[in-house]
Amino acid sequence: MSTPKQDFEQFLDRAVAAVREDQVDPKIAQEASDRVWQRLANATSGTDYVDSIDTADTHVPAAEPTAASRARIRSHQDYLSLIPAYLANELPPSSALLVEDYARESIPFRKALQEARSGQQATTLEPRRARLPRLWIALAAGLLLALGVSTFMLLSNRFAAAGPQARVLSADGQLFRLDGDLSTALAPGATVEQGEKIRTSKEGGAVIELNDGSRVELRQRSEISVLRRRGETTIRVNHGSIIVEAAPQRTGRLYVSTNDCLVSVTGTIFAVNHGTKGSRVSVIEGEVRVDQGRTRTILEPGDQIATSDSLGAVPVAEEISWSRDGQRYRALLAELSQLGSEFGKTLANTQLRYESPLLALTAPETVIYLGLPNLSIEVGEMQEILEQRLAESAVLRGWWEENVDRSGTGDQINELIDRLRGLGQHLGSEVVVTVASGAESGLGGPLVLAEVERPGAFAAVLAAEVEALNAASNDPRLMIVTNPSAAASSSENEIFLWLAGDVFAAAVHPQQLQQLAARMAQAPGSASFTESSFHGRLLESYAQGAQWIAGLDAASILGPVSADIPQQAMQFSGLANVEHLIIERKHGDGVVHTGAVLTFADERTGALSWLAAPAPMGSLDFLSADTTFAASSVVDNPAAVVNQILGFLDEIRPGTRSILESFEEGYGIDLENDFAAALGGEVTVAFDGPALPTPSWKIIAEVYDPARLQSTLDLIVQRVGQTLVINGKPVIHIEEETLGDRTYYSIPEVADALGRMVAGLHFTYENGYLLIAPSRALLDRSIQVRDNGYGLIHSDRFRDLLPSDGYVNFSALVFTDLGSIGETLGKLASAAAANMPDAGDDSLDDMAATLAPTLTCAYGEADRIRFVSTSHGGTLAPLLMSMLQHGAAVN
Amino acid sequence: MTKPVPPNPEATTTPSSRSGEPSQQPSGWTLEELFREHHGRVFNAAYRITGSAADAEDVLQTVFLRLSRRQDNLGLDEGAASYLHRAAINAGLDLLRSRKRARAVDLDSVGDQLAEASEIGPSARSENSELRRILRTAVARLSPRAAEIFSLRYFEGYGNLEIADMLGSSQTAIAVILHRARHRLRKELQPLVGATS
C-alpha cells in the first residue's frame, strides 16, 4: 500500500511528464515567431518600441484603442502616466510586463510604482540637480571607457566588421538585396554589406567575391548573408545552393552556416545545399569540417554528408551540375580523387624488407635501433604522377597554379623532392639509425647507415650537397672523410660522412666510424652484436616483413637507471626482468598496423605478469556501438594482485599491512578473500554515450560470487557510513530496489564537507558481471545492448580494426574513437580559450576530429607481451595533400 | 505582411540537444541572429510554463524586447542559450502571476474544475491537460526563485549543477530550494492527488 508521500511523488512525476510532453504545433510556433520578429524588427528600427509592440500585439483582446494601449515610454513622465492603467489591470500583458520590467531595473521607476500603489502621488522622476555632477562623471567615464574599448577593438580587429563584405562579380537573371519589405536589384560591381541578405531569382544565379578573395556561387532561389567577426567570415545560408571556392585562410576559418549544420574550412572548394528537408554538404577539393549537433565529420574530396535521414545522397558531380563552373569542378574532383588514390597506392606499395645487411654492421653496444624505409623512390614516383597529371589535365594544372604555384610552395616542394631523390635514388631500400651506449668511449650518439647502390654517382651528389649545405650554414658542419682513422673532431658541431664501398655512414664522432671500419673488416657474422639477444629479436621482426621498425634494448637502458630506482619498485613493476622492446609499423590497404613486442629475460614477473593469457571478454558485450573509449583487460588472479600490491606497499612503507589488517578487523571483512576473490579477473572501463553533461562512463567487472561481493560492499558502505556519521559528515548508503527479476543498487549523491555534491552511482549484476554506471538508464541500456547482440564488438568500425593474426582472444585492449568526442574537447578548449585570449580551440578540435578510430590489443605470453595497434589513419597520401594546401595557406 | 524568420530545427528540439550549439557559433551575435537561433527554444520554454501558444508568443516578444534594450546583449555569446532560457521561464511565470492577480485563479477553482472533468469521464488526454494546469498554477505560486529553479530542473531538464552554474549558486543550495519547492507543492497539491488518480 502506498503512502500519501508516494502518491504525491507519482502524481508530481505524472504532472511533470505531462508538462514536458506538451508540445506546441511547430507550425503555430513558427508563425508566432514570424509575427514576433516582424514586430521586433519594426520596433527596434523605430524610436519607440513600446508603442510598436503594443499596437501590434495580436493577443491582446480586441478592444477600442485606449490611452493605455497606445502608451509610450519616451520619458519618465510617460512611465508615470502608465502606472494608473497598470494598477487597474488595463494594460495588455506585454505592456504590463514592461512596466514591471522598468520597475525592476530602475530605482526611480520602482519607487514611483510603490508610491502609486500606496496611494501617494508620484511627483517626478527627473534626476535631482545634486546628482548631476555624479551623473556627468559617470557619463564621462563611460565615454572614456567606450572610447578605450572601441579603440582596442579597432586595433585588434576582433569585432564585427562594418562595411562591404563582398562584391558581386556576375549575376544571371536577378540578384536582390533584401531589406525588410524592400528588394533592391544588385548589378555586377555592387557591394554586399555586413549581414545583408541577398537572394537570387528563379532561373538566376550569381557569383560574389568575399573580401578575403573567396568566391561564392549562388544557384537560383538561394539566399545568403555574409558576416565577419573576429577575423572570421561566416556565410549564412538561409536556403538554396551555393558553391564556395574558399581562398586560403591565413588565420582562422571560413564558415558556412545553415540552421542545422556548421561547415568550416581553411581553403577548399565545396558545395552546400540547404532546403526544407535539411542540408547536404559535398566536397570537391580539400578538407571540410561539418558540425551537426554533437557530431563532427571530416569530409574529403568526393565525400558528402546530409543532415537528415530523409535527404538521400546524390553523386557530388550531380550536386554541382548547376554551377557555371560545374564542368571544371567535376573534372577537378575526378582529378584530385585519382591523384589521392594513386599517391595512396604508391605509399602502400612500399616494399617489406625481410632482412637487413646493415644489422650486422651495428655496434655491439647498440641500445636503440631504427630501420626506416627509403621513401625517395615513392616520393619520386608521386612527383612523376603529379607532373604527368598536371601535363595531362588543364583543370588540375589550373588548380595547381592557382593554389600552389602562385604562393611559391610548388617551387619549394619541387626543390625538396629533387634533393631527396638525388640522394635517395642511389641508396638501398633502408636507412638505419642506431644509438649505442658508452658516450665516454666515444661510441655514444647516433650512427646512420645505408646501403649505396651506385657509389660513384652517390659520392658526386653527396659532395655537391655537402658543399651547398655548408655554404648555407656552418652549423652543423658536414665533413666527408675518406679514412676514418685519420679523422679528428675539431669542434662539437660536426657530422662525419663516410662512403665505404657500398655502405654510407654518418656519425657525430670519428670513433664511431673507426669502430664501423673495424666491424666491416671482420668476417661476416663475427661481430659481437650478431650474437646478442637484441640482434636476435630484430632479426625475428625482419623475418616477418618490416617497413618501419624500432628496437630498444630495455635491459641495457634500464640497467644504469635502475640503480636509482628502489629495488622493490623494480621487482614489483616487473621491469627488472624486461629485456627488449621492438615496435613495427606497416601500411597497407588503407589501414596502419602498429605492433610491439615487450620481451623478458625469462617468465614475466611483478605487475607485468598480471596480464593473463588471451581469453574471452564477455564484458565487451555490454558496450554499445556508440562507445568512444573502452579499456578491457583480463588478469589471472585478482586476489593475488591485491596481495602483491599490499606486499609492495608494506615493503616501501612498513606497517601498511598491519594498518590494513586493523581496518579489516574493524570492518569485519577480508579484502583479499571477500572482495578480490569474488571477482573473476575481467574488467572493462568505457565511455559509452554522451560526454556531457554527465559522462556516460561504465565499469563492467566479471564476478564469480555476486552474493559474497554484494555482502562485502554492503558491509563496507555501512561501516564507512557509520564512521562518517561519527565524524559529522554526510551519510552514504546503498539503496536497493527490485524490479522484476533484477535488483538495482545505488549509492545516492551526497554533499561533501565543502557542500559540493559528489555524484552517486548505480550498479547491478547481470550474467556474472557487475555493471556500474552513473544512472540506471545506462545500466538498462548496457543490458539491452548485450541482449540485442549488436554492440561495439559487432560494429563495423570495431571489426574493421581487428588485427589479422592467429589469436582468437585478447589479454587487454584499448579502443578509442576520439573523433566523435571532438565536440567535447572543443568545448573544453573553448572554456580554456575564454581565459586565454587567442588560445585557438580549432587546433584541438581539429586534432580530435582527425584522430581516426584506433584499436590497441595486447597478448600476454609466458616471456613476452605482444601489442598490436590498428588505425584507419590510412596512408600518408591525405596528409601530403593537406600539407600542400596548408603550405599554400601559410605562404 | 510579416517578415518570415528562417526555420530553425534546433529551436524545437528538446533540452537534451541544446549543448554544443553556442560553441559552434562565432561570437558577437546581433539581435536578429540571437532571435533566429533561439526563438524556438524560448517559445517552447514559455509554452511549457504557460501552456498557451498565445502567452508563449507574448513571452517571446517580451524576452527579445528586453534583450533589445540591453546594451550588452553582444556579451551574451557564450551564455545566450541559458540566459534566454531563464528569461523565458521568468517571463512566463510573471505572466501567470499577473493573470492570477487579474483573474484570481487559484487552486480551489482548479479543484472544482478537476472534479467536473472527472464527472465528464476523463480521458488520458484531458487528465494530462488538468495535471498540467494544476502544476503550472501551483509552480507560479512558489516564490520566484523557487519557481524558476523548479521549472529549470523539471520542465527544462537541467541538472542541479547546471542550474547552480546558471544562477551563480551552489549545487547544495539548489538541492535545498528544490526540496522546499517540492515540499510546498506537496502541501498544496496533496488534497488533489486523489482526484487525478
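Throughout, protein chains are lettered first and strands after them, A, B, ... in sequence-line order, and every chain is numbered starting at 1.
Remark: B:R86 pairs with B:E148 by the salt bridge (charged side-chain N to carboxylate O under 4.0 Å, His left out) rule, at least two apart or across chains. Looking at residues two or more places apart in sequence or on another chain, you find no salt bridge (charged side-chain N to carboxylate O under 4.0 Å, His left out) involving B:R153.
Counting only heavy atoms from C-beta outward, the side chains of A:E9 and B:R186 never approach each other to under 4.5 Å. Side chains of B:E57 and A:R39 form a contact here, defined as non-hydrogen atoms less than 4.5 Å apart. At a threshold of 4.5 Å between non-hydrogen side-chain atoms, the residues A:L227 and B:E33 count as touching. Side-chain atoms of B:F35 and A:V36, non-hydrogen and from C-beta on, do get closer than 4.5 Å to each other. Between B:L185 and A:F8, some side-chain heavy-atom pair lies under the 4.5 Å cut-off.
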Could you go step by step and tell me if B:Y154 and A:L12 meet the side chain to side chain contact (heavy atoms under 4.5 Å, CB included) rule? CA-CA 10 Å; B:Y154 295 105; A:L12 190 60; 5.8 Å; no
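Here the closest heavy-atom approach between residue A:I28 and residue B:A53 is recorded as CG2-CB, 4.0 Å. The two residues B:F150 and A:V16 make their nearest non-hydrogen contact at CZ-CG2, 4.4 Å. Of all heavy-atom pairs between A:R20 and B:R48, the closest is CA-CD, 4.3 Å. Scanning all heavy atoms of the two residues, the minimum distance from B:F43 to A:A32 falls at CE1-CB, 3.5 Å.
Looking only at heavy-atom pairs under 4.5 Å with chain B, the residue among A:V24, A:T307, A:D22 that has the most is A:D22.
Ion pairing between a basic and an acidic side chain is recognised when a charged N comes within 4.0 Å of a carboxylate O; B:E37 and A:R236 show such pairing.
Not one N or O on the side chain of B:R132 forms a donor-acceptor pair closer than 3.5 Å with the backbone of A:V19.
The structure places CZ of B:R36 at 12.5 Å from OG of A:S33, a figure rounded to the nearest 0.5 Å.
Heavy-atom distances place both the backbone and the side chain of B:R182 under 4.5 Å from chain A.
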